[in-house]
*Asks:* 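Could you have a look at this structure, given as structure tokens, before my questions?
The analysis underlying the following values was restricted to heavy atoms, covering all of them including side chains, and did not include hydrogens, waters or symmetry mates.
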Amino acid sequence: MMMRKLLSIILLLAVAGTVSAQVPMRIDSKTPQHLMVKKSGIKNTEAMKALRARALAKRAITPTSDQMWFGYGNDAEAENMGLALNADYNLAVYIPYEKLAAKGATVDGLRFMLTSTKAKNIKAWVGTKLPPVGKYSQADIYITDVPASSVNVDGYTEVQFPRSIKIPEGGLWIGYSFVIEGMPDAPDDSQVSDEDYTDWYYDVYVPWLMENLNDGYPFMCSYLDEPQEGTMVFGCNLYDDMYRSFAEIDPENAELYLEMVGWDDYSPYGYAVALNALIGGGKFMNNAVSVKDFGQKYAKINETVTFPVTLTNSGKNGIQNFTYEVAINGTKVDEKTITLDKPVENLLGKTTIDLTFPTGDKSGSQNIVVTITKVNGEPNEIEAVANGAIFVLSESAKMKPLIEEYTGTWCGWCTRGWVALDMLTEDFKDDAVIYAVHNGDPMEIDAFVPVVNTYADGFPGMSINRTRIVDPYYGSSGYLDYGVKDDVEASMEDLAPASIAVKASWADDTKTKINFETETKLLYDEENPSISIGYVLVADGLKGTGRDWAQANYYCDMTDVGEDLEKLTEMDEYIIGMEFNHVAVAGWGAEFGVEGSIKGAVKAGEPIQGTYVADLDGLLIGLDRNSDDPDDHVTVLDLIKGKKLHVVAFVVNKLTGQVLNADEVELSNATGITSVSENANSVAGRYNVAGQRINSKQKGINIIRLTNGKNVKVVVK
């Protein structure tokens with residue numbers, strides 16, 4: 001019972017102070033599950049950030065002429081992170097050899113940001129490898145105690161090493177460890193009722209936490225636009241013990257629980273802990289900045305387009321200001337100098353700046369080249385050239401956004417997404433493509449695992465065209481009931497640089513393969529297309545038996561949840577026999593489209609006819625799809641038998657991941673192509689795939705609106 005309640009507290013803590021997304025507690029050894037972020041707005045106001053910036057200027061260590069601080073991310077933008085529990089914390093970052101050793105580099109010290117006055121047993125360490133599990137501070141090169149009295153809770157705590165440590169070819173790990181004690185003690189759950197336990201949580205624990213956030217979330221981290229190796233790993237004996245206990249309680253899944261014991265790597269998710277190394281022995285450049293390519297965007301004539309452009313510092317003087325030149329299609333058009341509000345000081349430290357470019361008065365592609373010519377008023381000591389592109393359009397197609405909800409039966413807050421998806425489907429049935437992507441439950445599929453890893457920043461989550469990341473019910477508002485409707489309506493006004501129409505049928509009577517036919521139009525010329533087409537099969541009415549099909553429901557017995565969610569309060573804590581609709585049960589090219597689905601040069605406005613045969617035979621679904629025992633396997637074909645099915649096709653930019661447009665049709669039980677009778681008395685209007693009304697048949701796919709309100713698609717040869 002203790003472990004059950006410990007797990008329930010951990011899940012509840014995920015929403016302490018926010019009520020938004022749940023940190024996933026899944027059986028997935030490759031995904032860290034533990035830490036939570038204290039978001040800006042709880043306590044990290046702009047005034048707090050300004051105070052921190054001033055505090056960061058007060059440092060004990062002054063680097064010499066051959067020393068620089070090395071760190072990932074931007075510590076001035078860091079936010080608190082933690083467990084909100086009495087626990088041990090162990091954090092580490094990797095110091096690479098290949099980027100530093102050519103300068104004869106050493107590690108001469110480190111610094112970190114620790115905000116809690118309750119931290120004890122603080123240690124700093126250096127090792128050639130991560131310390132062993134359970135002995136997280138026992139590094140193999142150097143360990144030192146850090147007195148609690150030396151901790152600077154408003155800035156960096158700095159540790160000078162008594163000797164320089166040379167960085168070997170395999171690189172080094174630096175880290176620090178501490179213990180947090182003094183959080184309110186939970187009552188013994190064997191002595192109190194569930195109701196009393198919940199009362200303690202809301203009446204004692206949450207109020208205490210809100211007054212002591214820096215203790216509940218004691219260390220600092222920032223976020224990288226592009227993940228890098230070794231920017232943040234985390235270990236905790238409390239969690240190790242918990243998962244070992246789970247393994248004893250549930251021996252059937254013991255191996256999976258035990259795989260979760262040990263260091264968790266948060267680096268692939270863009271987290272960068274505020275932990276820096278003092279690098280010595282270097283002959284550093286003074287003013288040196290590199291820049292990364294900044295991708296592609298779409299825009300209309302006579303507009304401006306803003307790109308986030310990332311700069312990396314390699315100079316002793318950091319980045320106070322920089323000068324850049326802009327060339328469009330080979331012609332220099334601009335030169336500007338920008339002074340940073342928050343200078344970059346760390347070696348290989350990064351900053352992202354928004355640069356804005358005009359589209360001009362002609363359609364077509366614009367190749368943009370940005371060159372960093374000066375740093376801090378001096379010539380840039382390294383070559384720094386970045387490329388991007390704008391596809392300028394004279395018109396936009398009708399946007400039918402792709403809406404993907406990220407959910408799981410284990411996620412107790414995800415029931416609000418279940419409600420919202422039905423509401424969105426009713427409100428936008430002809431104007432948007434909507435489906436749920438399940439994770440960590442019997443409806444999980446391989447095709448969407450990378451999509452979830454990229455776009456789900458919590459559960460429940462939602463992406464719209466994979467550019468807007470919002471809550472599936474509250475939307476971007478964070479608090480407005482059914483606020484997601486506003487986000488969907490806003491996305492329908494977005495520029496649509498392509499259109500797509502799809503139709504599909506079973507290939508034959510065995511119904512194991514689906515024939516997709518699409519017609520796509522781009523509204524710009526492209527010699528080497530950067531777009532592809534992805535395909536999805538969506539099912540309604542899915543049900544199952546067993547604990548993994550029981551939907552957790554944290555809204556059980558709650559009050560003041562709003563009219564839309566009222567029905568959830570009357571449902572059980574675990575909903576048995578729940579029916580799941582709008583579920584993505586198979587996907588082909590789900591992340592970046594099917595390779596080769598768009599080939600050759602593309603001309604603006606010319607229809608591109610495409611076909612694809614999707615094979616469902618033997619395709620598995622659910623948590624046991626990778627089991628060595630075939631008896632555990634569940635096939636997609638078995639799960640969808642007799643269910644209502646839809647097919648989806650979407651156009652995606654395979655370089656950026658942005659979905660440009662989407663379409664959906666019902667998959668009937670018939671095989672082959674079903675023709676549509678165009679009785680003149682039943683046709684209310686005819687449209688092309690761009691949504692433009694036409695007066696007569698046009699070659700390709702035509703959309704016919706019938707007098708009964710339905711839309712059908714027909715192919716005109």
Side-chain angles (χ1 to χ4, degrees), residues 1-27 33-37 39 83-85 186 189 192-207 209-210 216 242 405-423 436-443 456-462 470-475 477-484 547-580:
M1 179 177 278
M2 177 63 74
M3 298 312 298
R4 173 181 61 80
K5 287 206 170 164
L6 178 58
L7 179 58
S8 69
I9 282 184
I10 291 166
L11 294 177
L12 285 169
L13 286 173
V15 292
T18 61
V19 205
S20 59
Q22 176 177 318
V23 171
M25 289 293 296
R26 299 173 295 167
I27 303 175
Q33 311 300 331
H34 306 146
L35 292 163
M36 293 157 284
V37 180
K39 292 292 187 184
L83 296 171
L85 294 169
D189 66 352
V192 299
S193 66
D194 285 351
E195 183 177 354
D196 289 339
Y197 200 91
T198 301
D199 288 344
W200 168 85
Y201 176 80
Y202 286 107
D203 295 343
V204 177
Y205 177 82
V206 171
L209 183 61
M210 292 299 99
M242 183 182 74
E405 184 218 10
Y406 309 118
T407 185
T409 59
W410 49 269
C411 167
W413 298 119
C414 287
T415 45
R416 70 172 177 266
W418 177 72
V419 170
L421 242 61
D422 281 343
M423 298 172 70
V437 177
H438 280 253
N439 192 260
D441 70 17
M443 290 162 280
D457 61 356
F459 290 81
M462 177 177 282
V470 301
D471 184 271
Y473 177 72
Y474 297 109
S477 72
Y479 63 88
L480 183 65
D481 285 353
Y482 194 38
V484 70
R547 63 180 183 180
D548 290 333
W549 280 93
Q551 175 65 56
N553 176 30
Y554 292 163
Y555 291 94
C556 174
D557 296 329
M558 286 185 67
T559 58
D560 299 326
V561 297
E563 183 179 350
D564 299 333
L565 306 182
E566 185 96 23
K567 63 181 179 181
L568 298 177
T569 68
E570 301 170 358
M571 295 181 178
D572 293 334
E573 184 179 2
Y574 287 92
I575 305 170
I576 307 298
M578 188 170 182
E579 182 173 281
F580 298 93

*Asks:* Less than 4.5 Å apart, side chain to side chain, heavy atoms only: is that true for Val561 and Leu568?
*Replies:* no
*Asks:* Just how far is it from atom OH of Tyr482 to atom CG of Asp564, taken to the nearest 0.5 Å?
*Replies:* 8.0 Å
*Asks:* Could you tell me whether the side chain of Asp481 reaches within less than 4.5 Å of the side chain of Tyr474, counting heavy atoms only?
*Replies:* yes
*Asks:* Please round to the nearest 0.5 Å and tell me the distance separating atom CG of Asn553 and atom NZ of Lys567.
*Replies:* 11.5 Å
*Asks:* From Tyr473 OH over to Cys414 SG, what is the distance, rounded to the nearest 0.5 angstrom?
*Replies:* 15.0 Å
*Asks:* Applying side-chain hydrogen bond (donor to acceptor under 3.5 Å, both in side chains), name anything that partners Asp441, two or more places apart in sequence or on another chain.
*Replies:* His438
*Asks:* Got a sec: does the CD of Glu563 have more than 12 other heavy atoms crowding it under 6.0 Å?
*Replies:* no
*Asks:* Decide yes or no for Phe580 and Gln551: does some side-chain heavy atom of the first lie under 4.5 Å from some side-chain heavy atom of the second?
*Replies:* yes
*Asks:* Checking ring-ring contact (aromatic ring centres under 6.0 Å, His included) between Phe459 and each of Tyr406, Trp413, Tyr554, Trp410, which is the one that passes?
*Replies:* Trp410
*Asks:* Checking the side chain of Trp549 only, and the main-chain atoms of Thr409 only, is there a donor and an acceptor separated by less than 3.5 Å?
*Replies:* no
*Asks:* Would you say the side chain of Asp471 lies within less than 4.5 Å of the side chain of Pro460, judging by non-hydrogen atoms?
*Replies:* yes
*Asks:* For Asp196, check side-chain hydrogen bond (donor to acceptor under 3.5 Å, both in side chains) against everything at least two apart and list the hits.
*Replies:* Ser193
*Asks:* How far does CZ of Arg416 sit from CE of Met423, to the nearest 0.5 angstrom?
*Replies:* 13.5 Å
*Asks:* Quick check: do Leu421 and Thr407 have side-chain heavy atoms less than 4.5 Å from each other?
*Replies:* no
*Asks:* Surrounding CG of Asp203 (heavy atoms of other residues, nucleotides or ligands, distance under 6.0 Å), is the total greater than 12?
*Replies:* yes
*Asks:* What is the distance from atom CG of Asp560 to atom CG of Leu565, rounded to the nearest 0.5 Å?
*Replies:* 12.0 Å
*Asks:* Name all residues meeting the side-chain hydrogen bond (donor to acceptor under 3.5 Å, both in side chains) criterion together with Asp557; count only those two or more places apart in sequence or in a different chain, and write none if there are none.
*Replies:* none
*Asks:* If I take atom OG1 from residue Thr415 and atom CE from residue Met571, how far apart are they, to the nearest 0.5 angstrom?
*Replies:* 8.5 Å
